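Worth knowing before you read on, the calculation uses all heavy atoms, side chains too, and leaves out hydrogens, waters and symmetry mates. Keep in mind that what you see is a predicted model, and the values were worked out from it rather than measured.
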Amino acid sequence: MFDGFLNGSELISTLTLVFGSLAGYRAGQLVHRHGPKALRRSARSTLILLSVALFGVFALLAFSIGLLSYGWIFASNRFAVALPPMIIATAFSIIWSGSS
């Protein structure tokens with residue numbers, strides 16, 4: 001089970017980066033949408049991508065807690081290096097997307 005937690009946390013980190021980057025790119029393209037219907041549809045897809053990235057952060061947290069059951073030495077890099085920037089970036093994205 002250790003390998004599953006370790007490999008899963010690496011895969012989830014990569015997928016979260018991909019979906020978060022796609023959401024950021026789509027958010028930057030919102031100003032180029034013509035008409036309210038296209039803008040609404042694009043904003044909806046951007047929020048869906050952002051939600052998938054948020055789910056990835058929670059999944060990484062779950063995998064990190066699973067690694068913690070094998071000892072702090074195996075999970076320390078997830079809690080000290082990987083999770084803080086991902087949580088901060090996702091929190092700011094959600095706050096800024098909801099502030100309009």
Side-chain angles (χ1 to χ4, degrees):
M1 198 66 187
F2 173 76
D3 290 332
F5 286 131
L6 188 62
N7 294 333
S9 67
E10 294 295 328
L11 179 66
I12 292 293
S13 298
T14 304
L15 290 177
T16 302
L17 174 68
V18 168
F19 284 111
S21 298
L22 286 173
Y25 175 76
R26 300 272 308 179
Q29 298 298 314
L30 287 176
V31 296
H32 301 295
R33 300 293 177 240
H34 300 290
K37 187 176 181 180
L39 180 64
R40 206 173 14 257
R41 186 175 52 241
S42 184
R44 187 178 311 122
S45 66
T46 302
L47 286 177
I48 289 170
L49 287 170
L50 187 61
S51 299
V52 171
L54 178 65
F55 176 75
V57 170
F58 286 132
L60 180 62
L61 184 62
F63 277 106
S64 299
I65 290 171
L67 279 174
L68 191 60
S69 67
Y70 292 97
W72 176 249
I73 192 73
F74 299 111
S76 62
N77 65 337
R78 302 296 189 272
F79 286 102
V81 177
L83 279 172
M86 290 179 77
I87 290 173
I88 291 169
T90 305
F92 278 125
S93 298
I94 291 170
I95 289 169
W96 283 333
S97 67
S99 66
S100 59

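- Between atom CG of residue Leu68 and atom CZ of residue Phe5 there is a gap of 10.5 Å, rounded to the nearest 0.5 Å.
- Under the 4.5 Å side-chain criterion, counting only non-hydrogen atoms from C-beta, Ser13 is not in contact with Leu17.
- Taking the six-membered ring where the residue is Trp, Phe79 and Trp72 present parallel rings, their angle staying beneath 30° rather than reaching 60°.
- The hydrophobic cluster containing Met86 also contains Leu6, counting ILVMFWY residues as joined when their side-chain heavy atoms lie under 4.5 angstrom apart, directly or transitively.
- Contact between Leu83 and Ser64 at its shortest, heavy atoms only, is CD1-OG, 3.9 Å.
- Annotation: side chain to side chain donor-acceptor pair (under 3.5 Å) contacts involving residues 74-91, sequence neighbours excluded, comprise Ser9-Arg78, Glu10-Arg78.
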Just distance, no hydrogens or angles: give the donor-acceptor pairs under 3.5 Å from side chains in residues 23-40, sequence neighbours left out.
| residue | atom | partner | partner atom | Å |
| --- | --- | --- | --- | --- |
| Arg26 | NH2 | Ser42 | OG | 3.4 |
| Arg26 | NH2 | Ser45 | OG | 2.6 |
| Arg33 | NE | Ser42 | OG | 3.1 |

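- Grouping the Ile, Leu, Val, Met, Phe, Trp and Tyr side chains by contacts below 4.5 angstrom, directly or via other members, places Leu49 apart from Leu47.
- Transitive grouping of hydrophobic side chains (ILVMFWY, heavy atoms separated by less than 4.5 Å) brings Ile87 and Ile12 into a common cluster.
- Linking ILVMFWY residues whenever their side-chain heavy atoms come closer than 4.5 Å, directly or via other members, leaves Val81 and Tyr70 in distinct clusters.
- Both Leu67 and Ile65 belong to a common hydrophobic cluster when Ile, Leu, Val, Met, Phe, Trp and Tyr are linked at side-chain heavy-atom distances under 4.5 angstrom.
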